[in-house]
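In what follows, every heavy atom counts, from backbone to side chain, and hydrogens, waters and symmetry copies are set aside.
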Amino acid sequence: MLQANNIKKTFNKKIKALRGVSVEVGGQASVGLVGESGCGKSTLAKIICRLEDADAGSLLLDGVDYTGVNQRKMRGLRQRIQIIFQDNSGSLDPRRTVYQSLEEPLDNYKKLDGAAKREVIEGLLEQVALGREEAGKYPHQLSGGQRQRVVIARALALEPQYIICDEPVSSLDAEVQQPILELLSQLQRERGIGYLFISHDIGVTMEFCRKIYVMYAGLVVEELFSDDIARRAAHPYTRLLFSSALENHCDCEAVSLFSGNAKAGCPYHVQCPHRIAICETQIPDLAGDENHKIACFNPAGEGHFHA
């Protein structure tokens, strides 16, 4: 189990990127984290991988706290937790061939001889459906889908237990997205990898993940299983995202109501049609059971609300 507990992060002493976020990913599970740009998804991803440090909260890997471990110990943990970034062009050094990009983590961690290293790299290319001829190419000579397969292969090189997928298909054309998602699913079946799948596309996330965390303005506002969203989604923001998916407008950015201008209370209350008085002064706790949690004072809109 990979766990982030009550993670908080503030930038420049005033921008509250994360206000106490908790997520967990089991082995061989695909867990989604959905929200629009600026809600804190990528910040959480970097903190889980210890590319950023949290201001508060804890990180656990199989029950072992690694929140403040030194870089020597973190080096070993990084073999078990890898990350795939959205920008595959920026993730690959334009001066390195595909072979050299895959060689780098092996040189840093595995210390294999030439023949053994070549065998591993060829195996990685095969696993992500790339041929040996791609090994000598540079990133600019590859399509977007091919570059993303190289990035996935590099993440697999150290045989991780968990991979953080930060918008892994959002930069790809629609016809390229599905093969990449199918590849990730296949690798999960073969290797038992746990994914934290971060996206602003609730439609893709519902398809790929069994469990979904919905984030808004640095908070998880709802946590539920993807199969239950149609009948159990109760937070107004989740319902808005789901209704947009039904209309084939799955992108959170397309229905964004994010303002970030709530100085107090629930950060969503400024645009919420179901807000009641308490929403303007207090932040609701995320509460419920293991199947469904929600942070909302008036989830069904049953109280007295004003438009």
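Looking only at atom types and distance, the side chain of Ser22 has no donor-acceptor partner in the side chain of Asn6 under 3.5 Å away. No side-chain N or O of Glu104 forms a donor-acceptor pair with one of Gln100 less than 3.5 Å apart. With hydrogens and angles left out, the side-chain atoms of His200 and Glu167 include a donor and acceptor closer than 3.5 Å. Between the side chains of Glu52 and Thr43, no donor N or O sits under 3.5 Å from an acceptor N or O. Between the side chains of Gln127 and Arg191, at least one donor-acceptor pair of N or O atoms lies under 3.5 Å. A donor-acceptor contact closer than 3.5 angstrom links the side chains of Tyr237 and Glu36. For Asp65 and Thr67, the side-chain atoms include at least one donor-acceptor pair closer than 3.5 Å. For His140 and Arg147, the side-chain atoms include no donor-acceptor pair closer than 3.5 Å.
Within the 3.5 Å criterion, the main-chain N or O of Lys13 finds no donor-acceptor partner in the side chain of Thr10. Arg50 places a side-chain N or O within donor-acceptor distance of the main-chain N or O of Tyr66, the cut-off being under 3.5 Å. At distances below 3.5 Å, at least one donor-acceptor pair connects side-chain atoms of Ser226 with backbone N or O atoms of Arg210. In this structure, Asn70 contributes its side chain and Lys73 its backbone to a donor-acceptor pair below 3.5 Å. A side-chain donor-acceptor contact under 3.5 Å links Asp289 to the backbone of Asn291. Using modelled atom types, no side-chain atom of Asn12 and backbone atom of Lys14 make a donor-acceptor pair closer than 3.5 Å. Put simply, the side chain of Asp62 gets close to the backbone of Met1: a donor and an acceptor are under 3.5 Å apart. Judged by distance alone, with hydrogens and angles left aside, the side-chain atoms of Gln178 form no donor-acceptor pair with the main-chain N or O of Glu175 at under 3.5 Å. Although no hydrogens or angles enter the test, the distance criterion places no donor-acceptor pair under 3.5 Å between the side chain of Arg19 and the main chain of Val220. At least one donor-acceptor pair under 3.5 Å links the side chain of Arg275 to the backbone N or O of Cys272.
Both Leu44 and Phe85 sit in one connected hydrophobic cluster of ILVMFWY residues. Membership requires side-chain heavy atoms under 4.5 Å apart, directly or through other members. Using a 4.5 Å cut-off between side-chain heavy atoms of Ile, Leu, Val, Met, Phe, Trp and Tyr, with links allowed through other members, Leu181 and Val25 fall into different hydrophobic clusters. Follow the hydrophobic side-chain contacts under 4.5 Å out from Phe242 and you never reach Met215; the two are in separate clusters. Hydrophobic cluster membership differs between Val128 and Leu158, with clusters built from Ile, Leu, Val, Met, Phe, Trp and Tyr side chains linked at under 4.5 angstrom. Under a hydrophobic-cluster definition in which Ile, Leu, Val, Met, Phe, Trp and Tyr are linked whenever side-chain heavy atoms come within less than 4.5 Å, directly or via other members, Ile212 and Phe225 are assigned to different clusters.
Remark: Lys46 NZ is loosely packed, at most 12 non-hydrogen atoms of other residues, nucleotides or ligands lying under 6.0 Å away. The 12-atom threshold is not exceeded at CD of Glu119, counting heavy atoms of other residues, nucleotides or ligands nearer than 6.0 Å.
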> Thr205 and Phe197: side-chain contact (heavy atoms from CB on, under 4.5 Å), yes or no, with the steps?
Replying inline: CA-CA 7 Å; Thr205 308; Phe197 187 88; 4.0 Å; yes
>> One pair to check against side-chain contact (heavy atoms from CB on, under 4.5 Å): Leu2 and Gln161. What are the steps and the verdict?
In response: CA-CA 9 Å; Leu2 177 64; Gln161 290 174 269; over 6 Å; no
>> Go through it in stages, so that I can follow the logic: the residues are Lys293 and Glu222, the test is salt bridge (Lys or Arg N to Asp or Glu O under 4.0 Å), and I'd like the CA-CA distance, side-chain angles, deciding distance and then a yes or no.
In response: CA-CA 6 Å; Lys293 295 180 182 179; Glu222 193 155 16; over 6 Å; no
>> Let's go through Leu102 and Leu125 carefully: what are the C-alpha distance in whole Å and the side-chain angles of both, what is the deciding distance for side-chain contact (heavy atoms from CB on, under 4.5 Å) to 0.1 Å, and is it a yes or a no?
In response: CA-CA 9 Å; Leu102 298 180; Leu125 290 171; 3.8 Å; yes
> How far apart are the C-alpha atoms of Leu61 and Arg80, what are their side-chain angles, what is the distance that settles it, and do they pass the side-chain contact (heavy atoms from CB on, under 4.5 Å) test?
Replying inline: CA-CA 9 Å; Leu61 179 59; Arg80 300 168 64 187; 3.5 Å; yes
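Nearest heavy-atom pair, His292 versus Ala234, reported as atom, atom and distance to 0.1 Å: CE1-CB, 4.3 Å. The two atoms that bring Gln271 and Tyr216 nearest to each other are NE2-OH, 2.6 Å, heavy atoms only. In terms of heavy atoms, Leu18 sits closest to Val21 at CD2-CG2, 3.9 Å. The shortest non-hydrogen separation linking Pro105 to Ala157 is CG-CB, 4.0 Å. Closest of all the heavy-atom pairs between Cys266 and His269 is O-ND1, 2.7 Å. For the residue pair Leu92 and Ser101, the shortest heavy atom distance occurs at CD2-OG, 4.2 Å.
In this structure, Ile229 and Met206 have side chains that are in contact, with non-hydrogen atoms separated by less than 4.5 Å. Annotation: side chain of Glu126 is not in contact with side chain of Glu122 (no heavy-atom distance under 4.5 Å). At least one side-chain heavy atom of Ser185 sits under 4.5 Å from a side-chain heavy atom of Phe208. Between Gln148 and Pro168 the shortest side-chain heavy-atom distance falls below 4.5 Å. Between Val23 and Val31, every side-chain heavy-atom pair lies at or beyond the 4.5 Å cut-off.
Summarising the geometry, atom CD1 belonging to Ile84 is positioned 4.5 Å from atom CD1 belonging to Ile152; distances are rounded to the nearest 0.5 Å. In this structure, the separation between OH on Tyr213 and CG on Leu219 is 14.5 Å, given to the nearest 0.5 Å. Distance check, rounded to the nearest 0.5 Å: CZ of Arg149 to CD of Glu134 gives 10.5 Å. With rounding to the nearest 0.5 angstrom, the CG atom of Leu286 is 12.5 Å from the CD1 atom of Ile283. Atom-to-atom distance recorded for Gln3:CD and Ser58:OG is 8.0 Å, nearest 0.5 angstrom. In this structure, Asp113 CG and Lys110 NZ are separated by 14.0 Å, a value rounded to the nearest 0.5 Å.
When the side-chain hydrogen bond (donor to acceptor under 3.5 Å, both in side chains) test is applied to Lys8, no partner is found at least two apart in sequence or on another chain.
When each of Ile83, Ile81, Leu156, Leu196 is checked for a side-chain contact (heavy atoms from CB on, under 4.5 Å) with Ile163, only Leu156 meets the rule. Test Gln188, Glu190, Arg189 against Gln186 for side-chain hydrogen bond (donor to acceptor under 3.5 Å, both in side chains) and you get one pass: Glu190.
Salt bridge status for Lys9 with Asp53: absent, with no side-chain N to carboxylate O gap under 4.0 Å. A salt bridge links Lys117 to Glu103: at least one charged side-chain nitrogen sits closer than 4.0 Å to a carboxylate oxygen.
For Tyr268 and His235, the gap between ring centers is short of 6.0 Å.
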